[in-house]
Chemist: 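Supplied in structure tokens, the structure appears directly below.
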There are 4 protein chains.
Amino acid sequence: MQYFVGEQEYFKGIGKIEFEGKGSKNPLAFKYYDAKKKIAGKTMEEHLRFATAYWHSFCADGTDPFGNSTIDFPFRKADKYANAIAKADAAFEFFTKLGTPFYCFHDIDASPDYEAVSEYEKTYHKIADELLVRQKASGIKLLWNTANVFSHPNYMNGAATNPDFNVVARAAVQVKNSLDVNVKLGGANYVFWGGREGYMSLLNTDMKREQEHLARFLTMARDYGRSIGFKGTFLIEPKPMEPTKHQYDYDAATTIGFLKNWGLEHDFKCNIEANHATLAGHTFSHDLQVCADHGMLGSVDANQGDSINGWDTDEFPTNIYETTQAMLVILRNGGLGNGGLNFDAKRRRNSTDLEDLFIAHIGGMDSFALGLEVAGKILEDGVIDSFVKERYSSFDQGEGKKFEDGKLGLAELAELGRSAKIEKKSGKQEYLNNLLNSYLFG
Amino acid sequence: MQYFVGEQEYFKGIGKIEFEGKGSKNPLAFKYYDAKKKIAGKTMEEHLRFATAYWHSFCADGTDPFGNSTIDFPFRKADKYANAIAKADAAFEFFTKLGTPFYCFHDIDASPDYEAVSEYEKTYHKIADELLVRQKASGIKLLWNTANVFSHPNYMNGAATNPDFNVVARAAVQVKNSLDVNVKLGGANYVFWGGREGYMSLLNTDMKREQEHLARFLTMARDYGRSIGFKGTFLIEPKPMEPTKHQYDYDAATTIGFLKNWGLEHDFKCNIEANHATLAGHTFSHDLQVCADHGMLGSVDANQGDSINGWDTDEFPTNIYETTQAMLVILRNGGLGNGGLNFDAKRRRNSTDLEDLFIAHIGGMDSFALGLEVAGKILEDGVIDSFVKERYSSFDQGEGKKFEDGKLGLAELAELGRSAKIEKKSGKQEYLNNLLNSYLFG
Amino acid sequence: MQYFVGEQEYFKGIGKIEFEGKGSKNPLAFKYYDAKKKIAGKTMEEHLRFATAYWHSFCADGTDPFGNSTIDFPFRKADKYANAIAKADAAFEFFTKLGTPFYCFHDIDASPDYEAVSEYEKTYHKIADELLVRQKASGIKLLWNTANVFSHPNYMNGAATNPDFNVVARAAVQVKNSLDVNVKLGGANYVFWGGREGYMSLLNTDMKREQEHLARFLTMARDYGRSIGFKGTFLIEPKPMEPTKHQYDYDAATTIGFLKNWGLEHDFKCNIEANHATLAGHTFSHDLQVCADHGMLGSVDANQGDSINGWDTDEFPTNIYETTQAMLVILRNGGLGNGGLNFDAKRRRNSTDLEDLFIAHIGGMDSFALGLEVAGKILEDGVIDSFVKERYSSFDQGEGKKFEDGKLGLAELAELGRSAKIEKKSGKQEYLNNLLNSYLFG
Amino acid sequence: MQYFVGEQEYFKGIGKIEFEGKGSKNPLAFKYYDAKKKIAGKTMEEHLRFATAYWHSFCADGTDPFGNSTIDFPFRKADKYANAIAKADAAFEFFTKLGTPFYCFHDIDASPDYEAVSEYEKTYHKIADELLVRQKASGIKLLWNTANVFSHPNYMNGAATNPDFNVVARAAVQVKNSLDVNVKLGGANYVFWGGREGYMSLLNTDMKREQEHLARFLTMARDYGRSIGFKGTFLIEPKPMEPTKHQYDYDAATTIGFLKNWGLEHDFKCNIEANHATLAGHTFSHDLQVCADHGMLGSVDANQGDSINGWDTDEFPTNIYETTQAMLVILRNGGLGNGGLNFDAKRRRNSTDLEDLFIAHIGGMDSFALGLEVAGKILEDGVIDSFVKERYSSFDQGEGKKFEDGKLGLAELAELGRSAKIEKKSGKQEYLNNLLNSYLFG
Ligand SMILES: [Co+2]
Ligand SMILES: [Co+2]
Ligand SMILES: [Co+2]
Ligand SMILES: [Co+2]
Ligand SMILES: [Co+2]
Ligand SMILES: [Co+2]
Ligand SMILES: [Co+2]
Ligand SMILES: [Co+2]
């Protein structure tokens, strides 16, 4: 199959996106992403494990806090269920034309929401069956799904951390069903993003109790998931703020501390979003590295923010400095395991041409492919890694090694310090920045 | 003794600062801080445990990245040792005139630095003896001391996290001696502030190894401290950035996660600085609450930042909203234990009158005293705490209680959720903000 | 009339909000705002000229980028026109119960939007007639209106700065009609807020040409307004970013520079919003002062932002430090002229009780009333103003005066400088901060 | 002459830096900067007009707010005057080895400061003579000089905006002498950077009077400069904050508005520093474009900031996205005129190898050279510029043209708008971002 087409073709005039390589002027072709090209023993496709996000690409219509919908979806139908089916057709057509082997969704991205729980559940499972049909037909796989327990007004004060037990229970409905659906669809991971899990004001909040509830809820979800045969990774997606004034999963370090505090670190890892890292005052690669250092790098929401604007702009990644440094962390980590690079990114609301959705994704895929290529070269050359290794070499043997191995006491260490010969050793930051440019630009 | 005077009186014309109460127009009197006044069963003095910081008040001379020294110290002497003695005299005169029962210092604030370790050590202990004499004479106590392992060029690449083992060992000299001095002076706490413990660039940094070294170093310091009879609390002071691009002890959550990861949470707590919390994207009260929730609120560096400027302005605290909300957390925490409120704050470099040092501290003390008074009233009234308790009351019995107690599985919870009746419950944030104003302004 | 009631009473159970004064525990009463109380020769009402904003209070339903509507309006009707009439009834009931003598609106807040221009126009004028009836019945006046030329997808690339002339012309329809309606309703001011007047990316933008178009458009609007008898002030509301990445009216200084550049400074002034000033890196009082210094302080959007969150939170003002410092600028400016304090503020989306809308506004009004009272006291005492005047007194006579009067050349000035005696003069910032607290807290 | 050597060679072992081109692994060679290579009719050297900054490169010793000096200068001498001469020798050796045809300095970078004015003046002129000798010997030219009226404690409350007339006069001494020296050395520009021209607190500041003094001072300096034959451009360097809480020359728009307000726009232009633009909430290219649009782009301080850290990090530019977009603005502006690219950048304080100073500059020069090359290609291709031109084409004729020419009134425009056909036109931002990458990476 060239690409999936459902009841009708929605992205007419756009065929399978091909690799044309550097120099191509075709906006609908890849310049750097060559799926089957091998880097360090694996194909680009295997390294990058790209996923398309259902919500931004097939649900979000350009509405923003100051403006109405600008995006027309060719598949839109008045009937909720028919709309969901047409959307699924369009989505799989898009996945296969574009060539992202995975996809991700929230329950109510893919399946309509209903006030009546039974209708929600029944429809969700029906839609899941339909998605499964399309997965089989297309070979596309589910990277992860999640439950949207933040948009409905029920969740305005939180979901698992809501002060009202009824809401916590209501959130469990969506999470349980989403886990059921995940297992049905063979999801590689299951995600929690704490949309409203945070506070608007400390004056009305018992932060400790809310976090205990969150830990309890996650534990229950973990146990349930394992009980129904979910073998994948549970993922937490950190974000510092927005929509709440302060979110509990602030950043990677906070999230990992929380997970370890509650004994969840063996089932849970982090899903790092670039734009969330930067909003928290870190670089993207910093938060990736924090996860890698704890063995908790699960997956990535591949987007970029705006260094000037203090909200979640969720732009498609195009900055090759960032993709290269991200891929360096990922390659050194031995890859993403069963995680992937999910484009939690939206075209700008004034990017209204049908092709813009493709162009935006092509840019994101090309950017990570180029980042992978450069990072691969850097690691192959080994100049930077050798430089770093050498920098710490005084700990590789002798007293330094004893220090690392815990065989020195402070008094002994101080005694060594009394006669230590200290030479000024340059950090060579400008040299390394120039070197990075020479990998990027030849 | 009215106040301590050493070899000579340095702050002539300024006597003991008295409480004159509201309406006083005397800039050299307290309007709100009435040391012996009781709030909730303890005197203000016992609650607030104010400390003066040696570095800002008796060392920092107004130099900034764009300008030279502006502050003249009346005690300054050419000879290093004589200068240290005169400084100690001036400091204890200041403590006792002002009425801060505690003080804090870095090794080289109080005692001169020397390239020769033996001279550094010998002098440090001599100066410590001199400080002890003055402590006894004045009744002033040591809240904490610490080692400055960030100013000397040796530490330009870090101290405990330096890539060069020699530097790590050299840092141990200062930490060991500072612990020895702490025990001699009966310090209530010992502080680590990770001046250069962070990175300037990820390109030249092995973050994991550096953090392992940090943990190792802290463990050794803990063991040594305990071995020599230190019974107080070890404190870590979080800060997100500055002087390094990214500091390892980013904020309270990161620091607590780190301490727990390495089994240090029983000996270590956090020293929260207001300005560092805000630089990390949190409110001051947020970071205090995070510590309180983990039983790890150790002490406080009482200052304030500028919401517009992105560096560590270390201003004296004058914002009563912030002091009130801080004191709410502290009172609910049952106080600061053996911690205190240390003014890690500096007058502006153009506040060059001798009296400005007093006025600045008076403002800080008055601000926390007023915050304490308002917080005490809020807790006594109980309106806010009752509101919050009521908000979570669905977890106090029935199914909510079972949820908290871990007696529900996700499927059961979801089953409850299927029939949950959810009422919209206002968070009442504007009501609470207005209420807070009514406590503050009558 | 106690308060206005239209076809039916919408805020039942809430009567006219009364002044009860300090110590009142009634959340639905004023503690500080005593409309007829005189401060410095004018009543609070005359000083503050409060306005309610139609959009936040009667249109915005709690939708945010991550969540659906949470706010139920008691007046909502399915029919667009009937809804507008009911909304007007509710609004005037609210204005009169609350006691804000002014109101403000965008065209499509008050009157329905239609794709057909003629229907839009016809309905707008009909609704204006209805508003006029209610103005007369209630005594409420129009502080300003404006045209919403940013929400409709037509404006996704800008209104007056749209690259497509057709859109510019379409925007003119709304502005022209809004000016017509303004004159009909006796509006005191007319506002431009540059919703989409800015850029998303410099790569696709001709900033110079867009700004020339903006100037042209404003000039035409000014000329048209004057031609139909508009005697009030045209206002520009600066904002640095959001919804566009970069807005042209970044802050007060940028806006004033733009207006002067195009000769618009005699008809236009600034409408300063607190939250926009802080997003631009200024304090609220800074941007007010910039306007006052240029004689261009027109009106105020009275709200507050969150020092941590980098988007437009539009909170109700409750910070008395900010309101006091704002009122200091306003009082020194001789008041707001025909401007006022408009609450461009929204209750949090989880403040869903009907009374919350009142409570939020009461808090805002009380906060500015208290700020006015404190500012009035500060100016009456004159201590701060005398301090500042004295600080510059060397320019009041002698060579300093000659410098100010332009009677010295640089060489002469340098010659004076060669023998200048410079004494260190403290800026006394801590003293002034403490003094401010003593005005605020007694 | 290969390169200048004074009394002795200071950078031994480092010769003239040569262009080796892409692929070179030599950290002491250029990879992209090929001085004589032609781009769009001019050599790289002519386009870029690089300057070395005296202060960062030969004065700043690594001291930061938390640490002592780390950088050893090979030329340092105990005697102030001898030190200045040796520094000049080292500087010209550096300029000529590196190949920056221009340099820049503050008075007290190059010449020692003295409390006695006459000694300051006399020495300054002697040093200027020495610099002139070296200029002639080497062919290096002065891009600009300036007066440091911010470091000395005299200026702690401002220089031209100091509340004390004596300080204003004292500042005039330095400015007058610096102008005299500028003329002697044939400086192409003269710069004002408002180090302390701003406020620490609005409570003690008369902002209006201070800005009037600033305008007066600049006017006097302009008149004096012209009177002694200075034909170059006066430059103002905007910066939003640091060292003061709020600087008057906040950003390009503020500065241009100020200059126009006081009739200084014909003699003054802006010197835009990348890191200052970003601290003010703009991109570097934004502030350059603002200047270009007003015909006021004078010169550039070529550095880069850190998107995470909120202070002036003054890093060497290495981000090719930023240099490319900067060069696009500069090329479209027809170049920098008599301005240039001055490296107001400092190596990190732990970059302590002698060669690091060269490596850092090489990286900066290569980055702008590569940016120039890419920008030249973009303009030569014309794809982006055509895209933008086309986007605004509705204003090139017909009614759109009449609008631009001021031949339409608002009522006419609205009448056109009543029947305007509006098509949705994509902004194509993702397409343009991808296109930019394809120019950068092939
Ligand atoms: Co995400
Ligand atoms: Co996001
Ligand atoms: Co600090
Ligand atoms: Co501190
Ligand atoms: Co706003
Ligand atoms: Co507004
Ligand atoms: Co700078
Ligand atoms: Co500069």
Chemist: Need one label for B:F387: side chain, backbone, both or neither, based on atoms under 4.5 Å from any heavy atom in chain A.
Modeler: side chain
Chemist: If you count the non-hydrogen atoms of other residues, nucleotides and ligands that lie under 6.0 Å from CD in B:E423, is the total more than 12?
Modeler: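 Counting other residues, nucleotides and ligands, CD of B:E423 stays at 12 neighbours or fewer.
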Chemist: Aromatic contact between A:H213 and A:F217, with the criterion being ring centroids under 6.0 Å apart: yes or no?
Modeler: no
Chemist: What class does the angle between the rings of B:F395 and B:F403 fall in, given that below 30° is parallel, 30 to 60° is tilted and above 60° is perpendicular?
Modeler: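 Taking B:F403 first and then B:F395, their aromatic rings sit tilted (interplane angle of 30° to 60°).
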Chemist: Of the backbone (N, CA, C, O) and the side chain (C-beta and beyond), which part of B:R209 lies under 4.5 Å from a heavy atom of chain A, both, or neither?
Modeler: side chain
Chemist: Given heavy-atom pairs under 4.5 angstrom as the criterion, report whether the side chain, backbone, both or neither of A:A280 touches chain B.
Modeler: backbone
Chemist: Given that the side chain runs from C-beta out, which part of A:H294 has a heavy atom under 4.5 Å from chain B: side chain, backbone, both or neither?
Modeler: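 Just its side chain gets close to chain B.
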Chemist: Which bit of A:T205 comes within less than 4.5 Å of chain B, counting heavy atoms only: side chain, backbone, both or neither?
Modeler: both
Chemist: Return the option, out of B:E399, B:K260, B:M156, with the maximum number of heavy-atom pairs under 4.5 Å with chain A.
Modeler: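 The candidate making the most pairs under 4.5 Å is B:E399.
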Chemist: Do the side chains of B:Q211 and B:W262 get nearer than 4.5 Å, heavy atoms only?
Modeler: no
Chemist: Between B:L203 and chain A, which part of the residue has a heavy atom less than 4.5 Å away: side chain, backbone, both or neither?
Modeler: both
Chemist: Is chain B contacted by the side chain of A:D164, its backbone, both, or neither, given a heavy-atom distance below 4.5 Å?
Modeler: both
Chemist: For A:L435, is it the side chain, the backbone, both, or neither that has a heavy atom closer than 4.5 Å to a heavy atom of chain B?
Modeler: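 The answer is neither part of A:L435.
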Chemist: Please classify the contact of A:K245 with chain B as side chain, backbone, both or neither, using a heavy-atom distance under 4.5 Å.
Modeler: side chain
Chemist: Let me know if A:E412 has heavy atoms under 4.5 Å from chain B in its side chain, its backbone, both or neither.
Modeler: neither
